[in-house]
Visitor: 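Supplied in structure tokens, the structure appears directly below.
Every chain is numbered from 1 and lettered A, B, ... according to where its sequence line falls, protein lines coming before strand lines.
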Amino acid sequence: MSKVIKGPVYVVKDNIDTDQIIPAQYLNLIPTIEDEYEKLGSYAMCGLPDSLYPERYVEEGKVDSQYPIVVAGRNFGCGSSREHAPIAMGSADCQLVLAESFARIFFRNCVATGELYPCECTDRLCDVLKNGDVVTVDLDACTVTVDETGKTYSFKPLGDVRSVVDAGGLFNYARQNNMISA
Amino acid sequence: MTLTEKILARAAGKAQVQAGDNVWVKADTLMTHDVCGPGTIGVFKREFGEDAKVWDKERIVIIPDHYIFTADSRSNRNVDILREFVKQQDIKYFYDVIDDPDGKWVFNPDQGLLKKQYGSNYAGVCHTALAHRGHTRPGEVLFGTDSHTCMAGAFNQFATGIGNTDAGFVMGTGKLLIKVPETMHFRLEGEMQPGVMAKDIILHIIGEIGFDGATYRAMQFDGPGANSLTVDDRMTIANMAIEAGGKNGIFEFDEKTRAYVDHRTSMNGTRPNYDPVERDANETFVSELVVDLSKLEPTIACHPDPGNRKLAKEMSDLVLDRAYIGSCTGGKTSDFLAFAQVIKGKSVVIDTFGVPATPEIVNDLKTTEWDGKSVWDILSDAGVQMTENAGCSACLGGPVDTFGRMNKPMKCISATNRNFPGRMGHKESQVFLASPATVAASALTGKVTDPREYWS
């Protein structure tokens, strides 16, 4: 994956739990089966209430989102341990979530699966940005620049987590580093 | 060291660990279910090979419980995937829905949702079943592919929820790299007043620290108030550590823990030996909160998050569409007895659903009699729709034909543990979390109601 990710953002607020990321009724899909993985992507973030989020993350009838970056408030990914959540987002072509903070299991599942970079930004970007704003995220410099205004914000370095996501998840990383046999 | 640090140090083979250390720990038990089990098995096979063997066939416990009583064919298939894997691997503890090891699970909707459709091995909701079937042990490490795995902290165990990939790793190696969490200290003092339940304690605490107040942290509950609680009460509290973002919740070991665990391991023939951890003189906590249980009142967590706290008596204007009692948190025998104490001899005025967590609880309610009538019948006669099909049911929504699921926007008061938007079905529906007693009183009036108005 490239070290610079550029694209339009999809913006959500605080406490987006795993039910809103992937509603429980779709947990009958098994992420390790290819066409079910794809289907999970089509439902990514579809549990967000329409009254608060009238625009869907993935358009009806599509399997991928036009938004490679999700911007969120506090406690993104709280709730259940379902790995279907980061997987649905990754399957929908999301590459990165920029949140004020993450829930523990979701953060870990992002890393273990290698589906997403979970980046923590102390600035409350979800109050600054709106759907469709284009940003450039530099994972090496740990900065996000808003194209229109040129304003740059920084986020916390990912540390050791970066290389695990780069490798495509826990198992790939462990193999590449001879921690488990290939 | 704190209780959590002591267990993790032991599991890591170290004399000492401290918060922030990343350590490889040995798993004593790995639990998975029908929703995350097939994906975990998929990861295990993809990464270790089709013919690979699990690290220890006696330490993996597989409990189908989530999407069982549904005509959804993928959900039925997922139970079959578990059965196939158990056969291949000769896994010892599998609580199948059906008795035939070569059979296929097909739910028959024509028989309705209330009459039992499971065989003799089925165990119900995984967290309750782990305890009932003798798989929770003091001083040990339990990983489970479910966020409410933390419930086993009631038994002085380090227990936490993990994803499929981590679970696949544990399945193959018996180990996991984890960060030692900081510990928050909750000292409970005093005893609860009549009409107040363990659920009120944990809703109070989450309201105090916030829905993410325990993120990446352990929650240690001790003090004389904790010792006064029953094992069921401790399970209710530990279960909801995750609703404040906690990695685990944990209680001290005492005679109540010993009696419960020894009874359950001997009854089920599971491994009887264990080694509890005790409190050190020098524990480092990241925060301290003293909770006087005698001051607590019936509490509600309002839509849309578990930290959105109010008192039941402040909410009496809120009109409800339905009431629900069930789940790992709120579907135990003691929960139903408190619920029935309020309901007895009266009638509910809104749709009210009762889902016992396990078949054993169904049996308890049918065999416990008050004035010559079973608690089950007392509830049914009051208008509560009681199902024998123990399981997770509508606590997490599930497939659209799930018993008690909200398929349109409505307001429900529920003894379950989570109330983010859409949790129990329709994404515009609202869930208000409360104790079984408060759910019962509210079912009688159709509005949020303080159960002390009915408590005898």
Visitor: Between A:Asn109 and chain B, which part of the residue has a heavy atom less than 4.5 Å away: side chain, backbone, both or neither?
Guide: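 Only the side chain of A:Asn109 comes within 4.5 Å of chain B.
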Visitor: Which region of B:Ile81, side chain (C-beta onward) or backbone (N, CA, C, O), has a non-hydrogen atom less than 4.5 Å from a non-hydrogen atom of chain A, or is it both or neither?
Guide: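 For B:Ile81, side-chain heavy atoms alone lie under 4.5 Å from chain A.
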Visitor: Got more than 12 heavy atoms from elsewhere within 6.0 Å of NZ, B:Lys179?
Guide: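 No, because the 6.0 Å sphere around NZ of B:Lys179 holds 12 heavy atoms or fewer from other groups.
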Visitor: So that I can tick it off, tell me whether A:Asp127 and A:Lys13 are bridged by a salt bridge, with the cut-off set at under 4.0 angstrom between side-chain N and carboxylate O.
Guide: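 The answer is yes: the pair qualifies as a salt bridge.
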Visitor: Using non-hydrogen atoms and a 4.5 Å limit, figure out which bit of A:Ile30 sits close to chain B: side chain, backbone, both or neither.
Guide: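 A:Ile30 touches chain B through backbone and side-chain heavy atoms alike.
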Visitor: Just checking, any donor-acceptor pair under 3.5 angstrom between side chains of B:Arg418 and B:Ser147?
Guide: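 The answer is yes; a qualifying pair exists.
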Visitor: Select, from A:Ala174, A:Gly169, A:Ser51, A:Ala103, the one with the greatest count of heavy-atom pairs under 4.5 Å involving chain B.
Guide: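 So the answer, after comparing A:Ala174, A:Gly169, A:Ser51, A:Ala103, is A:Ser51.
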Visitor: So for atom CG, which belongs to A:Asp35, do other residues, nucleotides or ligands contribute more than 12 heavy atoms lying within a distance under 6.0 Å?
Guide: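 Yes.
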Visitor: So which of B:Gly397, B:Pro38, B:Gly425 has the largest heavy-atom pair count under 4.5 angstrom toward chain A?
Guide: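 Winner by heavy-atom pair count: B:Pro38.
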Visitor: Checking side chain to side chain donor-acceptor pair (under 3.5 Å) against B:Thr165, which of A:Glu83, A:Glu115, A:Arg108 comes through?
Guide: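 Of all the options given, the one that passes is A:Glu83.
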Visitor: Which of the residues B:Pro304, B:Gly422, B:Gly398 is involved in the greatest number of heavy-atom pairs with chain A at under 4.5 angstrom?
Guide: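 Top option by heavy-atom pairs under 4.5 Å: B:Gly398.
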Visitor: Considering only heavy atoms, which portion of B:Thr215 lies under 4.5 Å from any heavy atom of chain A: side chain, backbone, both, or neither?
Guide: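 B:Thr215 touches chain A through side-chain heavy atoms alone.
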Visitor: What residue, out of B:Asp146, B:Asn417, B:Asp212, B:Val35, has the most heavy-atom pairs lying under 4.5 Å from chain A?
Guide: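 Max contact count across the listed options: B:Asp212.
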Visitor: What part of A:Leu27 lies closer than 4.5 angstrom to a heavy atom of chain B: side chain, backbone, both or neither?
Guide: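 For A:Leu27, the contact with chain B is made by backbone and side chain together.
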Visitor: Between A:Tyr153 and A:Cys121, is there a donor-acceptor pair closer than 3.5 Å when you use the side chain of the first and the backbone of the second?
Guide: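 Checked: no pair found.
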Visitor: Check whether B:Ile162 gets within reach of chain A through its side chain, its backbone, both or neither, counting any heavy atom under 4.5 Å.
Guide: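 For B:Ile162, the backbone is the part near chain A, not the side chain.
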Visitor: Under 4.5 Å from any heavy atom of chain B, what part of A:Ile33 do you find: side chain, backbone, both or neither?
Guide: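 Only the side chain of A:Ile33 comes within 4.5 Å of chain B.
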Visitor: Please check if any side-chain donor atom of B:Thr145 sits under 3.5 Å from a side-chain acceptor atom of B:Thr32, or the reverse.
Guide: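 Per modelled atom types, B:Thr145 and B:Thr32 side chains form a pair under 3.5 Å.
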Visitor: Under a 4.5 Å cutoff for heavy-atom pairs, which residue among B:Val400, B:Thr149, B:Leu177 has the most contacts with chain A?
Guide: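 Heavy-atom pair counts peak at B:Leu177.
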Visitor: Return yes when atom CG of B:Asp51 has more than 12 non-hydrogen atoms of other residues, nucleotides or ligands closer than 6.0 Å, and no otherwise.
Guide: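 No, not enclosed.
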Visitor: Can you tell which part of A:Pro49 gets under 4.5 Å to a heavy atom of chain B, answering side chain, backbone, both or neither?
Guide: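 For A:Pro49, backbone and side chain are both near chain B.
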Visitor: Contact part of B:Asp305 toward chain A, heavy-atom cut-off under 4.5 Å: side chain, backbone, both or neither?
Guide: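 It is the side chain, since no backbone atom gets that close.
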Visitor: Okay, side chain of B:Asp34, backbone of B:Tyr67: is any donor-acceptor separation there less than 3.5 Å?
Guide: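 Yes: the side chain of B:Asp34 pairs with the backbone of B:Tyr67.
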Visitor: Identify which part of B:Asp72 has an atom lying under 4.5 Å from any heavy atom of chain A, answering side chain, backbone, both or neither.
Guide: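 Side chain only.
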Visitor: Against chain A, work out which of B:His426, B:Glu243, B:Arg405 has the most heavy-atom pairs shorter than 4.5 Å and name it.
Guide: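 Of the candidates given, the most pairs with chain A belong to B:Arg405.
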Visitor: For B:Thr70 and B:Asp401, test the side chains for any donor-to-acceptor distance below 3.5 angstrom and give the result as yes or no.
Guide: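 Side chains of B:Thr70 and B:Asp401: pair found under 3.5 Å.
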